[in-house]
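Notes follow the structure.
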Amino acid sequence: MTMPKRDTYTPDSLLAVSVRVFNERGYDGTSMEHLSQAAGISKSSIYHHVRGKEELLNRAVGRALEGLFGILEERGAVDGRAVERLEYVTRRTTEVLMAELPYVTLLLRVRGNTTTERWAMERRREFDQRVSALLKAAVAEGDLRADVEPRLATRLLFGMINSIVEWYRPDGAGAVDGRQVADAVVRLAFDGLRR
C-alpha cells in the first residue's frame, strides 16, 4: 500500500491527523502504521517527533483539558454571583467543546486503559467537581433550585453538553451555528435550574 505524499507536516498537523484516526478507530484500535498512513509519512518520521502514540494521546487530551480548565480562570468564571459564574462556565464549556471538537471528543472517549487515559479521567472528574461546587454555591445563594441534588444536576448538565460531540458538525448540510448551540444549552439548563 502506498502512502499519500505529504510535502510538509508540523507537530500540530501530525496531532490533528492522529486525533482524527483515534476518533475513527478508537485509541486501542489505532497502530502507529495507521497513523503513518493517515499522515502520509513513515513511522520513523513520527518517532522523530514523539515517543509513541500515547504521547500523541497525551498531547491531544491535554489540549482539550487545557481549554476546559482555562475557562475556570477567566473573569466571568471568577467574578460575580455563583449562578452568573456557572452560566458563564456552561456557555464557555459548550464553546470550547465546539471549537476543539475532535480533541474534546477524544477526551470524552478515553476509558482508563493507559496511564494517560487514567490521568485524563481524573482531570475530567476534577473539572466536574469544580463546576459542581459552583452549582452548590448558586443553590446556597438562593439562585438555583435546591430540590435537585447538585452532583446529579452537574451530571445532567454535562450530559447535555457532552452529547454535542455526537451530532455537532460545524460544516456541511444542516450545520447549526455554534452560538445558537451555546445559547440553547444555557437557556435549557438555566430555565430548569433557576428558582
Side-chain angles (χ1 to χ4, degrees), residues 19 22-23 26-27 57-58 60-170 174-195:
V19 169
F22 291 156
N23 282 331
Y27 175 73
L57 177 66
N58 185 283
V61 296
R63 176 172 164 166
L65 287 163
E66 183 178 300
L68 293 172
F69 275 91
I71 294 166
L72 301 177
E73 306 305 320
E74 294 173 4
R75 173 175 235 112
V78 295
D79 291 340
R81 292 186 64 81
V83 68
E84 294 164 349
R85 293 182 289 148
L86 180 62
E87 188 173 319
Y88 178 86
V89 168
T90 300
R91 176 178 299 282
R92 289 289 296 129
T93 299
T94 304
E95 291 169 351
V96 166
L97 181 145
M98 291 184 293
E100 298 289 345
L101 188 64
Y103 299 89
V104 176
T105 300
L106 183 60
L107 172 65
L108 294 175
R109 292 183 177 165
V110 298
R111 297 291 173 246
N113 296 329
T114 67
T115 302
T116 296
E117 289 177 291
R118 288 185 293 278
W119 166 77
M121 291 174 72
E122 182 58 37
R123 293 288 287 160
R124 275 181 50 201
R125 278 190 291 276
E126 181 184 339
F127 183 82
D128 291 352
Q129 289 165 356
R130 289 187 58 188
V131 174
S132 184
L134 200 50
L135 196 144
K136 286 177 189 173
V139 169
E141 290 175 1
D143 291 320
L144 295 184
R145 302 168 55 147
D147 62 337
V148 179
E149 198 274 322
R151 286 192 59 173
L152 175 60
T154 303
R155 285 187 176 130
L156 292 171
L157 179 62
F158 279 111
M160 179 173 48
I161 294 169
N162 293 344
S163 73
I164 294 169
V165 304
E166 300 303 327
W167 59 265
Y168 178 73
R169 300 297 172 262
V176 179
D177 178 73
R179 185 170 192 85
Q180 287 178 302
V181 175
D183 288 346
V185 166
V186 169
R187 194 169 36 254
L188 288 170
F190 288 90
D191 283 355
L193 287 171
R194 285 188 190 273
R195 289 180 47 143

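Counting begins at 1 with the first residue of the sequence.
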Ion pair Arg85/Asp79, N-O distance below 4.0 Å
no

When you measure from the side chain of Glu149 to the backbone of Arg151, do you find a donor-acceptor pair of N or O atoms at a distance under 3.5 Å?
yes

Taking all non-hydrogen atoms of both residues into account, name the closest pair between Leu107 and Val61 and its distance.
CA-CG1, 3.9 Å

Check: Leu72 and Val78 side chains under 4.5 Å, non-hydrogen atoms:
no

With distance as the sole criterion, is a donor-acceptor pair present between the side chains of Glu74 and Tyr88 under 3.5 Å?
yes

Geometric cation-pi criterion, Arg109 with Tyr27: 6.0 Å, 45°
no

For a 4.5 angstrom cut-off between non-hydrogen side-chain atoms, does Leu57 reach Leu106?
yes

Taking Arg92 for the side chain and Ile71 for the main chain, is one N or O donor matched with an acceptor at less than 3.5 Å?
no

What I want to find out is whether Arg125 reaches Glu122 closely enough, with some N-O distance under 4.0 Å, to be called a salt bridge.
yes

Thinking salt bridges, do Glu84 and Arg81 make one under a 4.0 Å N-O criterion?
no

Partners meeting ring-ring contact (aromatic ring centres under 6.0 Å, His included) with Phe158 (sequence neighbours left out):
Phe127

Checking the side chain of Glu73 only, and the main-chain atoms of Gly70 only, is there a donor and an acceptor separated by less than 3.5 Å?
no

For residues Val185 and Met160, determine if any side-chain heavy atom of one lies less than 4.5 Å from a side-chain heavy atom of the other.
yes

Are the side chain of Ser132 and the backbone N or O of Asp128 linked by a donor-acceptor pair below 3.5 Å?
no

Here the gap from Asn162 atom CG to Leu108 atom CG, rounded to the nearest 0.5 Å, amounts to 4.5 Å

Which residue pairs satisfy the side-chain hydrogen bond (donor to acceptor under 3.5 Å, both in side chains) criterion with at least one member in residues 183-195, sequence neighbours excluded?
Glu87-Arg194, Arg91-Asp183

Less than 4.5 Å apart, side chain to side chain, heavy atoms only: is that true for Val110 and Trp119?
no

Charged N-O contact under 4.0 Å between Asp177 and Arg179:
no

Is a side-chain donor or acceptor of Glu100 paired with a backbone partner of Gly67 at a separation under 3.5 angstrom?
no

Taking every heavy atom of Thr116 against every heavy atom of Asn58, the minimum-distance pair comes out as CG2-CA, 3.5 Å

Just so I know, are the side chains of Leu144 and Leu86 near enough to count as touching, which here means a heavy-atom distance under 4.5 Å?
yes

